[in-house]
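Comments concern the structure below.
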There are 2 protein chains.
Amino acid sequence: MGETEGFRGPQVCAIVGITYRQLDYWARTGLVRPSLAEARGSGTQRRYSYRDLVELKVIKQLLDGGLSLQAARKAVQCLRSDVGAPLSSAALVLAGNKSVVAHTGEEVIDLLRGRQGVLNVVAMGGIVDEVDGAIAELAKARARRDNTPTLAAQVSG
Amino acid sequence: MGETEGFRGPQVCAIVGITYRQLDYWARTGLVRPSLAEARGSGTQRRYSYRDLVELKVIKQLLDGGLSLQAARKAVQCLRSDVGAPLSSAALVLAGNKSVVAHTGEEVIDLLRGRQGVLNVVAMGGIVDEVDGAIAELAKARARRDNTPTLAAQVSG
DNA sequence: TACGTTCATCACCGGGGTGTAGTTACGTGT
DNA sequence: ACACGTAACTACACCCCGGTGATGAACGTA
């Protein structure tokens, strides 16, 4: 049945805004693998958890922000090691090879002061929002197709 | 004679901390080209200005900070367009595809607030300092070799 | 004229993908 | 219960970027 336990590859791509090949590549190279179900051969399905989605979106944002995938790998590691934090209100800060999750704005500003070199800052709140939004959008679209196929016929006709 | 008008390739590498091949590649691909004298065939010399050195160092820092060369290219463009600013006290801020040179700490903090996505911040002051330091170091080393070869002989003997 | 710098060129490598053509498993209709 | 169509994953060949190493060619200078 259509019991959506987690998210499948193509859905994930739509939600986080990457290509399927990218998602595939990242899974193959171990950057983010589907934590609910790994693919076990052709025809099987990867199942990504919500947390996976957030990680993926973070990576996507980092790439858009000009960071290399190398850097993104480290960032993700950091994000994982910061267990059980209230993500939405935090900021991920990368300072050279050290990365930290700052939970208050003050922390970030402290890092800025006196720091030399490059600082990369990403606000988690916005990311979580975007992911949630995309999921909602997707659910709506699916509901439209599942419940009212006649409507679709009307529209197209 | 050894009249050092500007800086030659190998010196530049020593000062900014990159490999010669990198410098060469960057010059060939137009990222930073020697503004005092372009190479005109094998055996000629590239001559880099002080400003070039600073640009190169910025790029180096950005790379160390995890940014892609793509992003660094844009950053440099921005840095160039911000003419005649007192570099040492400024900060270069990259926000997605827009980049700005912020001349006060307040500006940076403003950018942080309410901004979603990734923000890359690099303090120019530290960079200028590092470049100056490296140049001084180089000059000292050269003076040692030029003025007191006997001393060098003593040390090595 | 011989030599040592310095630069140019070429072939090549690894990372990060992409496009296309298979190969399955799932879900479904019968 | 079974065949079938299709969605999803895999494998392979290929591309571009950012370099690197080796080699060769031009200077200036002794």
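Sequence lines set the chain letters: A, B, ... in the order given, protein chains first and strands last, and positions in each chain run from 1.
The phosphate of C/dG17 (OP1 or OP2) has a side-chain N or O of A/W26 nearer than 4.0 angstrom. Contact annotation: B/Y25 side-chain N/O to D/dG19 OP1/OP2 distance is not under 4.0 Å.
In this structure, CD of B/Q70 is placed 12 Å from P of C/dG17, rounded to the nearest angstrom. Following rounding to the nearest Å, A/R73 (CZ) and C/dG15 (P) show an atom-to-atom distance of 9 Å. For the pair B/I18 CD1 and D/dG18 P, the interatomic distance rounds to 14 Å; values are reported in whole Å. Rounded to an integer number of Å, the gap from NZ of A/K60 to P of C/dG17 is 10 Å. Atoms CG (B/D64) and C1' (D/dG19) sit 15 Å apart, rounded to a whole Å. Rounded to an integer number of Å, the gap from CG of A/L69 to C1' of D/dC17 is 14 Å. Between the C1' atom of D/dA8 and the CZ atom of A/F7 lies a distance of 17 Å, rounded to the nearest Å.
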Quiz item: Do B/E38 and B/R46 pass the salt bridge (charged side-chain N to carboxylate O under 4.0 Å, His left out) test, and can you show the C-alpha distance, the side-chain angles, and the key distance before you say yes or no?
Solution: CA-CA 5 Å; B/E38 194 85 46; B/R46 298 190 178 101; 5.2 Å; no
Self-check item: side chain to side chain donor-acceptor pair (under 3.5 Å) evaluation trace for B/S68 with A/S68
Solution: CA-CA 5 Å; B/S68 69; A/S68 68; over 6 Å; no
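Closest approach of A/R33 and A/Y48 over heavy atoms only: C-CE2, 4.1 Å.
Using a 4.5 Å cut-off on side-chain heavy atoms (C-beta onward), B/V118 and A/D64 make no contact.
Two different hydrophobic clusters hold A/L53 and A/L36 under the rule that ILVMFWY side chains link at heavy-atom gaps under 4.5 Å.
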Practice problem: Treat primed atoms plus P, OP1 and OP2 as sugar-phosphate and everything else as base, then score nucleotides 5-11 of chain C 5' to 3': B for base contact with protein heavy atoms under 4.0 Å, S for sugar-phosphate contact only, - for none. | Solution: -BBSBB-
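Counting non-hydrogen atoms under 4.0 angstrom, A/S68 reaches nothing in the nucleic acid.
Rounded to the nearest 0.5 angstrom, A/R47 CZ and A/Q11 CD are separated by 7.5 Å.
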